[in-house]
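Data block below; observations after.
When a ligand or atom number is given, it counts from 1 through the structure's own listing order.
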Amino acid sequence: MAIDLGALYAPGIPVVLLVAFAAYTIYAYFSDGLSHIPGPAIARISNLWKINAAFHAEMPWRNIALHRKYGPLVRIGHNMVSVNDPEAYPVINGFKRVFRKTKFYSTAEAWYKGKPLPTIITARDRQYHSQLLRVAGGAYSIASGPQMEAKMQPLVDLLLSKMNEFGQSGKRPVNVARLLAHFAFDAMGIINVSEPFGFLEKDVDVQGAIQAIDLANTYFSVIAQAPWMHTFLLGNRFAQSVMEKQNPVLNLALAMVDKRLAAVANADEEKKPDKGGDFLGRLLELNESAEVSKAGNKLRYEQIVSLVLANTMAGYATVAIALRSILYLLARHRDVYARLQRELDEAFASGALSQPPNHTVAEASKLPYLDAVIVEALRVHPVLGLILEREVPEGGAVLAGQHVPEGTIVGFNPWVILHNTQVYGEDADVFRPERWLEADETRLREMKRCNITFGAGPRTCQGKNIGMMEILKLMPALMHRFDFALANPGEEWQVTGHWFTMQSKMDMIFTPRRQQ
Ligand code: HEM
């Protein structure tokens, strides 16, 4: 009699699968030593929760909701804990016991000559990062000085004239999200090499760089939730042999560096490009200094390119997002708008702000309500929407009273901590600049301590002063020249909850306030 092998094995296969699944679940649940930390069931055994949240571009809001349900520590993936406790802040972001960045960041690296090119933002190795920072640190400070402010002025003027031109003096809606992206990208050309790329002037996405960053933002936000996936997709020699040469942002960075190096090499002493006048000039100058050589920190060509590349990506996206938030939130909150307008008008009338277009960043930074509006807009809508991942070092750590083993991925999502109701009040989700002016001393100190708009600790933002310079240069001039309002006030803007929390669908009408 023939034996039907299929019939014999058929009931066995589901049982084997079930047992294997149960064994994996128990292993995954306990193996990372985090079973005492609460979180959604799926996040306790896999990375599916966070991949799903990133895939749907909803990480900021889902991450906030989890903390409101489970408390200050939430397990959001295998071996990963999201933190929302101000006391854990100095532990994770301290200078003494550094929690290094995770592989999450490596997936954002461009490739150059067949290898990933770590930047000052993505670098995980402490020594490598320190070398970049030791040389470049000085270049970030000079780029926000008065010389740079003067170089930025024509770009501000151009933006205002484009708002008027495209809006036909207040008669047509303007795609302001696009204009601000063009402004912010050109601003990085000025910061790096004193020259805009031409986004604003020509109203084009130069070399498709903005589209490339948008695509990279989507890819990175999802894939970085399980970095091993990157190796099988774009993080390998085969994919990069096709893609490397077609990376428009890398190509822009290479072109900036090559052009400057050629100018330096060819010009006679008197015609040499203004050395300290922009980021790259100052960087090259510092890199040639005896001090840098003596300390063995001299940067190689590709490291210089990586710094210019990092600035271009980070500086464009963050400032574009910040400016969009400020404009949109002002347009939505007319009482705030009116109060800010009064402050600016009085400042122009009294001379506290010089007459446009000559007001300075130093003058604008003294206006309390303008400052509160900017800080509050960046708090309500942080530019980064994912966790700033860090690895718990040897010996583990105590976070929110719980032991977390070494090797665990931990971190703060700016959206979570900046919407923390214990720190910012029960109305933490509301845009209310007054909270920064009304808070008593203790509360204000805590609000500032938890303000990770620009990151924190050893990996804090190097371009903060540059970003603030752009915002403070633009906002008073814009509000002096135009009244602005949403073209479609009945519709919400669109926000992408990825790494860069990009916004769109916020067209506005810009009505000239004075005779031009
Ligand atoms: C409103 C504007 C900006 C905001 C809100 C912002 C925010 C941030 C945040 C949150 C981080 C930390 C990221 C992390 O821990 O993973 C960061 C890092 C960084 N940002 Fe910015 N940024 C802004 C503008 C800029 C500009 C204009 C530049 C360049 C000119 C820049 C260059 C950098 C660099 C180089 C780092 C990495 C620092 C390091 O790891 O050593 N940022 N930024």
Can a non-hydrogen atom of Leu133 be found less than 4.0 Å from any atom of ligand 1?
no
Which part of Ile120 is near ligand 1, with near meaning a heavy atom under 4.0 Å away: side chain, backbone, both or neither?
both
For Gly315, the ligand 1 atoms with a heavy-atom partner under 4.0 Å come out as 26 (C), 27 (C), 28 (C)
For Glu406 and Gly395, indicate whether the former's side chain and the latter's backbone hold a donor-acceptor pair under 3.5 Å.
yes
Does ligand 1 have any atom sitting under 4.0 Å from a heavy atom of Thr460?
yes
Could you tell me, atom by atom, which parts of ligand 1 come under 4.0 Å of a heavy atom of Gly455?
9 (C), 10 (C)
Going through the distances and angles, do Thr360 and Glu149 end up as a side-chain hydrogen bond (donor to acceptor under 3.5 Å, both in side chains)?
CA-CA 8 Å; Thr360 65; Glu149 203 178 315; 4.7 Å; no
So Leu307 and Phe279, do their side chains get closer than 4.5 Å, heavy atoms only?
yes
Shortest protein contact, atom 36 (C) of ligand 1 (heavy atom only)
Ile121 CG1, 3.6 Å
Counting non-hydrogen protein atoms only, what is the nearest one to atom 40 (O) of ligand 1? Give residue, atom name and distance.
Arg459 NE, 2.8 Å
With atoms numbered from 1 as shown, which atoms in ligand 1 lie under 4.0 angstrom from a non-hydrogen atom of Val383?
5 (C)
Within less than 4.0 angstrom of ligand 1, does Trp499 place any heavy atom?
yes
Indicate, as side chain, backbone, both or neither, the part of Phe279 found under 4.0 angstrom from ligand 1 when only non-hydrogen atoms are considered.
neither
Considering Ile191, Ile326, Thr453 one by one, which has a heavy atom nearer to atom 5 (C) of ligand 1 than any of the others?
Thr453
Leu200 vs Leu159 side-chain heavy atoms within contact, under 4.5 Å
yes
Suppose I only count heavy atoms of Tyr140 and a 4.0 Å limit; which atoms of ligand 1 are within that range?
35 (C)
Would you mind checking which non-hydrogen protein atom is closest to atom 30 (C) of ligand 1, with the distance to 0.1 Å?
Met188 CE, 3.4 Å
Would you confirm whether His498, through its side chain, and Gly385, through its main-chain N or O, come within 3.5 Å as a donor-acceptor pair?
no
When the ring planes of Tyr328 and Trp493 are compared, do they come out parallel, tilted or perpendicular, using 30° and 60° as the limits?
parallel
Is any side-chain N of the basic residue among Arg68 and Asp429 closer than 4.0 Å to the acidic one's carboxylate O?
yes
Salt-bridge present (Lys259, Glu195; N to O < 4.0 Å)
yes
For the aromatic rings, using the six-membered ring if either is Trp, is the centroid distance between Phe183 and Phe199 under 6.0 Å?
no
Return the closest protein heavy atom for atom 24 (C) of ligand 1 as residue, atom name and distance.
Thr318 OG1, 3.1 Å
For Asp507, which of Asn175, Val176, Leu486 qualifies under side-chain contact (heavy atoms from CB on, under 4.5 Å)?
Asn175
Would a 4.5 Å heavy-atom cut-off, applied to side chains only, mark Leu329 and Glu376 as touching?
no
Starting from atom 8 (C) of ligand 1, locate the nearest protein heavy atom and write down its residue, its atom name and how far away it is, to 0.1 Å.
Cys461 CB, 3.7 Å
Kindly state whether the ring of Tyr219 and the ring of His230 have centres lying under 6.0 angstrom apart.
yes
Evaluate the side-chain proximity of Tyr369 to Arg339: yes if any heavy-atom separation is below 4.5 Å, no if none is.
yes
Below a 4.0 angstrom heavy-atom separation, can you tell me which part of Lys101, side chain or backbone, both or neither, approaches ligand 1?
side chain
Out of all atoms in ligand 1, which are within 4.0 Å of some heavy atom of Arg390? Include the element for each.
14 (C), 15 (O)
Distance from atom 32 (C) of ligand 1 to nearest protein heavy atom, with residue and atom:
Gly463 N, 3.7 Å
Heavy-atom nearest neighbour in the protein, as seen from atom 13 (C) of ligand 1, with distance rounded to 0.1 Å
Leu384 CD1, 4.0 Å
Show which atoms of ligand 1 fall inside a sub-4.0 Å distance from at least one heavy-atom site of His129.
39 (C), 40 (O), 41 (O)
Which residue supplies the protein heavy atom nearest to atom 14 (C) of ligand 1, what is that atom called, and how far is it?
Tyr105 OH, 3.5 Å
